[in-house]
Amino acid sequence: MNTSNVPAIELDNVTRRFVSPEGRIIPALRDFNMQVQPGEFCAIVGPTGCGKSTTLGMITGLAPPTAGEVRIDGTPVHGIDPRIGFVFQSDAVFPWQNVLDNVAAGPLFRGIDKAVAYDSAREWVRRVGLSGFESHYPHQLSGGMRKRVALAQTFINNPSIILMDEPFSALDVQTRALMQNELLDLWSSNGAAVVFVTHDIDEAIVLADRVFVLTKGPGTVKSTYTIDLPRPRVVEEVRYTPEFLDLSRRIWRDLASEVQI
């Protein structure tokens, strides 16, 4: 894990363009600059189509920038980096495998001894609160339980960087709050740098150390907010503090002007 002063993630004056099926060049991001320090939890909010998910794609190496440079621990990104974990919006679990097999899949793919991989998987199943469900298949689980499997799948590989693309957006309000607390607990013991994409301003404030607000597409960073709420945070308590409400109003005002364009 990066322990120097070098940013864990750095996007340096990045531009990303796509070519439409009709041959038109469509800019998704322009002059985009962002740094995430080792162990820092950052959230990205912005209007639909501003390039939030594209940003994650460039960090993974799956979508190289058209211009500018993306760096991980000071090294330019070329291809997929095994130090990165990704939690998707939709469930990325294997429907033909049970909970334990799903969680063990990452270590096995990385060449870890089978017995060691399954011992670790059992521990992570316990840590995400799914003890007793090891033999259940995804279709037998609730949405929140499947998301717990996804978190275990990610954290078992001990990533130094975790990218999350609206992972809790499909959950009901109560389950979402539980998963936010679960994520904070797991992250606090892991120490990874996190980039969390969300449409929910309150979710961004509850989780993050800093919140990046993007402009309407082609997206660039409009403003950055430092979240000084003390840690550890309990979601149900933080939401009602004056500091939280003030941040929520300020970020919403900033974002609303972009949504209305």
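The structure presented is a predicted model; accordingly, all values stated were derived computationally and were not measured. The chain is numbered in sequence order, starting from 1.
- With a 4.5 Å cut-off on side-chain heavy atoms, T198 and I44 do not count as touching.
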request  = Start with the C-alpha gap between R250 and D254, add the side-chain angles, then the distance that decides, and say whether salt bridge (charged side-chain N to carboxylate O under 4.0 Å, His left out) holds.
outcome  = CA-CA 6 Å; R250 288 165 55 201; D254 215 0; over 6 Å; no
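- Counting heavy atoms from C-beta outward, D101 and W96 have side chains that stay 4.5 Å or more apart.
- I227 and V36 are assigned to two separate hydrophobic clusters, defined by single-linkage of ILVMFWY side chains at heavy-atom distances under 4.5 Å.
- W252 does not carry R249 over the face of its six-membered ring by the limits of under 6.0 Å from the centre and within 45° of the normal.
- Within 6.0 Å of the CZ atom in R24, the count of heavy atoms belonging to other residues, nucleotides or ligands does not exceed 12.
- The closest side-chain heavy-atom distance from S53 to Q89 is not below 4.5 Å.
- A distance-only check finds no donor-acceptor pair linking the side chain of E203 to the backbone of D200 [under 3.5 Å].
- V99 places none of its side-chain heavy atoms less than 4.5 Å from the side chain of R148.
- To the nearest 0.5 Å, atom OG1 of residue T224 and atom CD of residue Q35 are 10.5 Å apart.
- We find that E134 and R122 are not joined by a salt bridge, their nearest charged nitrogen and carboxylate oxygen being 4.0 Å or further apart.
- Between L151 and M179, the closest side-chain pair of non-hydrogen atoms falls below 4.5 Å.
- Within the 4.5 Å cutoff, the side chain of V45 has no heavy atoms near those of the H199 side chain.
- L171 and L186 fall within the same hydrophobic cluster, where Ile, Leu, Val, Met, Phe, Trp and Tyr residues are linked whenever their side-chain heavy atoms come under 4.5 Å apart, directly or through other members.
- With hydrogens and angles disregarded, a donor-acceptor distance shorter than 3.5 Å links the side chain of R233 to the backbone of V206.
- Residues I162 and F155 form a side-chain contact, since some pair of their non-hydrogen atoms from C-beta on lies under 4.5 Å apart.
- The hydrophobic cluster containing F196 also contains L184, counting ILVMFWY residues as joined when their side-chain heavy atoms lie under 4.5 angstrom apart, directly or transitively.
- A donor-acceptor pair under 3.5 Å is absent between the side-chain atoms of R239 and the main chain of L245, judged by distance alone.
- Ring geometry for W187 against F41 counts as perpendicular: the plane angle is over 60°, on a 0 to 90° scale with 30° as the lower cut.
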Donor-acceptor contacts, no H, no angles, side chain residues 11-18, under 3.5 Å, sequence neighbours left out:
{"residue": "D12", "atom": "OD2", "partner": "R71", "partner atom": "NH2", "Å": "3.2"}
{"residue": "T15", "atom": "OG1", "partner": "D31", "partner atom": "N", "Å": "3.4"}
{"residue": "R16", "atom": "NH1", "partner": "P64", "partner atom": "O", "Å": "2.7"}

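- The pair D165-K52 fails the salt-bridge criterion, with no side-chain N (NZ, NE, NH1 or NH2) lying under 4.0 Å from an Asp/Glu carboxylate O.
- More than 12 non-hydrogen atoms from other residues, nucleotides or ligands lie less than 6.0 angstrom from CG of L229.
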